[in-house]
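What follows is one structure encoded as structure tokens, with my remarks underneath.
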Amino acid sequence: MAKDKITTSNSKPIAMLKVLNPFHIWALGVGIVLVGEFMGWNFTVGKGGAYASLIACWVIGLLYTCVAMIDSEVTSTVAAAGGQYTQAKHIVGPLMAFNVGLYLVMAYTMLCAADALVVGDLMKSGAEVMGYANLDTKPFVVLTVAFLAWLNYRGVFATLTLNLVITFLAFASLIVLFLSVDPLHQGVVLQHQALLTDLPYGWIGVVAALQFGMWYYLGIEGTCQAAEEVRSAGRSIPLGTMGGMMTLLVAATITWFVATGLMPWQYLGQAVTPMYDAATLLGSSQLQLMLFVATAFAAIASANGCINDASRAWFSLGRDRYMPVFFGAIHPKYRTPYRSVLFLVPIAISFAFTGLLDQVITFSILSGLLGYTFMTFNMIKFRKMWPLGSIHRGYIHPFHPIPAITLLTLCCATYFATFLGYGASLLSIMAFYILASIWFVLRRYKFVKRADQFTMPWPRPKGY
Amino acid sequence: MNKNYTPPKQGMFGQIFDTILVLVLVYASLMVPLLFKAEAKAEAAAASASAHVQVSWQSLGQNEIQQQQWVKLGYDPEKAATLINSRFDYTIDPLMLIITILVVAGYFIFMLKVSDKQYREVIKEKFDNK
């Protein structure tokens, strides 16, 4: 079966190409997330007001800094496709790994669907400006996913080089927008004194805002998926991930500062394309065009990174027989997990066409949150089972276990925020993961080769 | 020395069935919340609130700068009222909160316990059955 097909004639397994550098890792992480600065983050404003959004931006920024610190240490040590999934397999156990694999696939596939919808909606808005009303968005959604899947099928280097270029341009557009609002002089363009209000819902609104606060950074942890394709995982993953986190903290703060200084919070809290609206308010057609293109670039970069990450996670599940082994194949010429890439195309498109964007986004956010919760006890176990000095680590994060404890505390607060806004969805999504876990234990685990689940050249873990 | 576990080979039909099953579960979990219509509550409350308000920029509590920005965005007081009066309902149902905590905590406890058992099998085969 696929196992046979992933070996060459002289029986050497085909591996993925090691061609990426820290800039590609930055582009993968920031590329997935940056669309969240162009849209989505502003729902935090609707949930609790402008100040609540800023608090959520920094509190969730702290959550993701902990994620990046933990991820950098573990991934630079467990350098394999699948990222957190492979970490779970080596540190916690098969059922956890299966769940983490599913979190990754669901979070990225659903985010990809949302990104493709954004591209479609942008095309419709652009067509309206040019006098063509009621443009059908569906062909653009299909075209976006299909083109990016083709790119992913053909090779990771071209895929992430494209991401590097368009992500940089999208980020640069935010800087240009920031400079064009005369940020040092209040009352000239920006009107924070008149537009900022107290917390409209009090502190409960601040907590509620944490859920969509994840949009500022959701997906940065995807850098780990490229661990098997970077030239030096121990150097590239920490550099790319921490550099990406710094970029996003800057972008998130700029975004908040510009948008809240131009729009009443009640409008901003529900706007579909707030940064494009900001450019429109400034009355410059060049800025409007720049933000239109940048928003499209950000959405495409995000969808591109999501296809890359989701396919690696699905491929890893197949390679280890947690899911059908058919998906564990690597293309003999392009060295990509091509079957997983192709399989996820209709899935992403079908998610986009369900008409349940709220549900799809909540599923994506909650899957990410479950993954971050896993990282907390994964990190604690990792240091306990292989203390410092017992194995080679590419990077050692400081202040352990403070980042893990902080991360767990912030995850609990974000679960509560999700409960406040989407309680029924939270239970429904948990039901999915519980049923999938029971199914794995009762049916899938019998297909898993036990000893093959531990491939790192490490000594026996302490306590086992 | 114990012999390593040899898993059965899965046929194509079984692989297709397993893949479809996971997809069915995903779609079902996307659809189920629609039955509860929980998220519709906030919108309904907002709609009823806006229906009873006499709308002018003053009654909506908008200062001069806010009014200017609303107008630039293409909104008049009637149109803006729906957004301004929209309110989320953050009332906490203690029973639902307890159920949610139990579900999330129970899920992780179950997963860690079963994973630990499976992990011991992996380590045993890897290090004891060489």
Side-chain angles (χ1 to χ4, degrees), chain A residues 47 92-96 99 106 191 194-195 201 204 208 262-264 266-267 270 277 281 321 323-326 347 354 356 358-360 363 373 377 415 419-420 422-437 439 441 444-451 453-454 460-461 464, chain B residues 4-10 12 15-16 18-19 21-23 25-34 36 38-39 62-66 69-70 72-73 75 80 83-84 86 88 90 92 96-97 99-100 103-104 107-108 110-112 114-123 125-127 129:
Chain A
K47 286 281 182 180
V92 184
L95 178 62
M96 183 82 246
N99 275 269
M106 295 306 154
Q191 304 287 347
L195 292 173
Y201 294 99
I204 191 81
L262 290 172
M263 287 171 259
Q266 297 96 331
Y267 175 84
Q270 54 76 55
D277 293 343
L281 280 172
R321 299 160 182 260
M323 287 305 291
V325 72
F326 176 82
I347 310 295
T354 55
L356 305 170
D358 260 18
Q359 295 293 108
V360 166
F363 208 128
T373 311
F377 41 80
Y415 282 117
F419 167 80
L420 286 174
Y422 292 87
S425 301
L426 171 59
L427 282 176
S428 168
I429 295 163
M430 291 310 301
F432 163 74
Y433 284 114
I434 290 168
L435 287 174
S437 297
W439 170 77
V441 173
R444 278 298 323 166
Y445 188 53
K446 70 180 176 200
F447 297 111
V448 175
K449 285 184 178 172
R450 289 6 178 201
Q453 304 315 303
F454 196 101
R460 190 175 192 129
Y464 290 87
Chain B
N4 279 359
Y5 171 74
T6 309
K9 281 196 173 177
Q10 192 180 25
M12 186 54 80
Q15 295 193 38
I16 293 169
D18 281 358
T19 308
L21 186 73
V22 171
L23 291 178
L25 282 176
V26 176
Y27 288 115
S29 67
L30 283 173
M31 300 293 175
V32 165
L34 295 182
F36 294 98
E39 279 77 53
Q62 301 298 294
N63 62 37
E64 203 176 316
I65 299 286
Q66 288 167 334
Q69 300 305 90
W70 279 113
K72 280 187 194 172
L73 288 161
Y75 281 75
L83 299 182
I84 292 170
S86 175
F88 284 105
Y90 292 138
I92 297 167
M96 281 308 291
L97 180 61
I99 290 171
T100 305
V103 167
V104 176
Y107 163 74
F108 276 110
F110 165 74
M111 198 159 44
L112 285 173
V114 176
S115 292
D116 191 67
K117 190 169 162 256
Q118 294 173 336
Y119 189 70
R120 286 181 189 280
E121 291 173 5
V122 170
I123 296 301
E125 282 206 4
K126 176 76 184 174
F127 291 95
N129 296 355

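Per chain, numbering begins at 1; letters A, B, ... match sequence-line order. If you're wondering where the values come from, they're calculated on a predicted model, not measured in any experiment.
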Taking side chain as C-beta onward, heavy atoms only, is P7(B) less than 4.5 Å from V448(A)? no
Closest non-hydrogen contact found for S428(A) with S29(B) is OG-O, 2.6 Å
Let me see the working for L97(B) and F419(A) under side chain to side chain contact (heavy atoms under 4.5 Å, CB included), right down to the final yes or no. CA-CA 8 Å; L97(B) 180 61; F419(A) 167 80; 3.7 Å; yes
T373(A): partners by side-chain hydrogen bond (donor to acceptor under 3.5 Å, both in side chains), with sequence neighbours left out: Y415(A)
Could you tell me the separation between the CE atom of M263(A) and the NZ atom of K72(B), rounded to the nearest 0.5 Å? 11.5 Å
Contact winner vs chain B - Q453(A), K446(A), Q191(A), heavy-atom pairs under 4.5 Å: K446(A)
From Q266(A) atom CD to I84(B) atom CD1, the distance as rounded to the nearest 0.5 Å: 5.0 Å
Is it the backbone or the side chain of D116(B) that comes under 4.5 Å from a heavy atom of chain A, or both, or neither? both
Side chain, backbone, both or neither of L426(A) within contact of chain B (heavy atoms, under 4.5 Å): side chain
Would you mind reporting whether I434(A) and V103(B) have side-chain heavy atoms less than 4.5 Å apart? yes
Y5(B) six-ring face occupied by K449(A) cation (under 6.0 Å, within 45°): no
Taken to the nearest 0.5 Å, the spacing of L95(A) CG from Y119(B) OH works out to 14.5 Å
If we ignore hydrogens and angles and just use 3.5 Å, is the side chain of S115(B) paired with the main-chain N or O of V92(A) as donor and acceptor? no
Criterion side chain to side chain contact (heavy atoms under 4.5 Å, CB included) on K47(A) and Y90(B), from CA distance to verdict: CA-CA 10 Å; K47(A) 286 281 182 180; Y90(B) 292 138; 3.4 Å; yes
Scored by heavy-atom pairs under 4.5 Å with chain A, the best of I99(B), L21(B), L73(B) is L73(B)
Tell me, for F454(A) versus chain B, whether the close heavy atoms (under 4.5 Å) come from the side chain, the backbone, both or neither. both
Rounded to the nearest 0.5 angstrom, the CZ-CD distance for R450(A) and E121(B) is 5.0 Å
Please work out whether the ring planes of Y107(B) and Y433(A) are parallel, tilted or perpendicular, with thresholds of 30° and 60°. tilted
Hits for salt bridge (charged side-chain N to carboxylate O under 4.0 Å, His left out) against D277(A), two or more places apart or cross-chain, chain-then-number order -> none
Could you walk me through whether Y464(A) and F127(B) pass the ring pair (Phe, Tyr, Trp, His ring centres under 6.0 Å) check? CA-CA 10 Å; Y464(A) 290 87; F127(B) 291 95; over 10 Å; no
Sidechain-backbone polar pair: Q15(B) side chain, F326(A) backbone, donor-acceptor under 3.5 Å: yes
At a 4.5 Å cut-off on heavy atoms, which part of M96(A) comes close to chain B: side chain, backbone, both, or neither? both
Can you confirm whether L30(B) sits close enough to F432(A) that some side-chain heavy atom of one is under 4.5 Å from a side-chain heavy atom of the other? no
Nearest 0.5 Å, what's the CG-CE distance between D18(B) and M323(A)? 6.5 Å
Would you kindly say whether Y267(A) and Q66(B) are connected by a side-chain donor-acceptor distance under 3.5 Å? no
Drop me the distance from T100(B)'s OG1 to L427(A)'s CG, to the nearest 0.5 angstrom. 4.0 Å
Note, V325(A) side chain near Q10(B) side chain (heavy atom, < 4.5 Å): no
Are any side-chain N or O atoms of Q69(B) and backbone N or O atoms of L262(A), one a donor and one an acceptor, separated by less than 3.5 Å? yes
Which answer fits Q62(B), side chain, backbone, both or neither, if we ask what part of it has an atom under 4.5 Å from a heavy atom of chain A? side chain
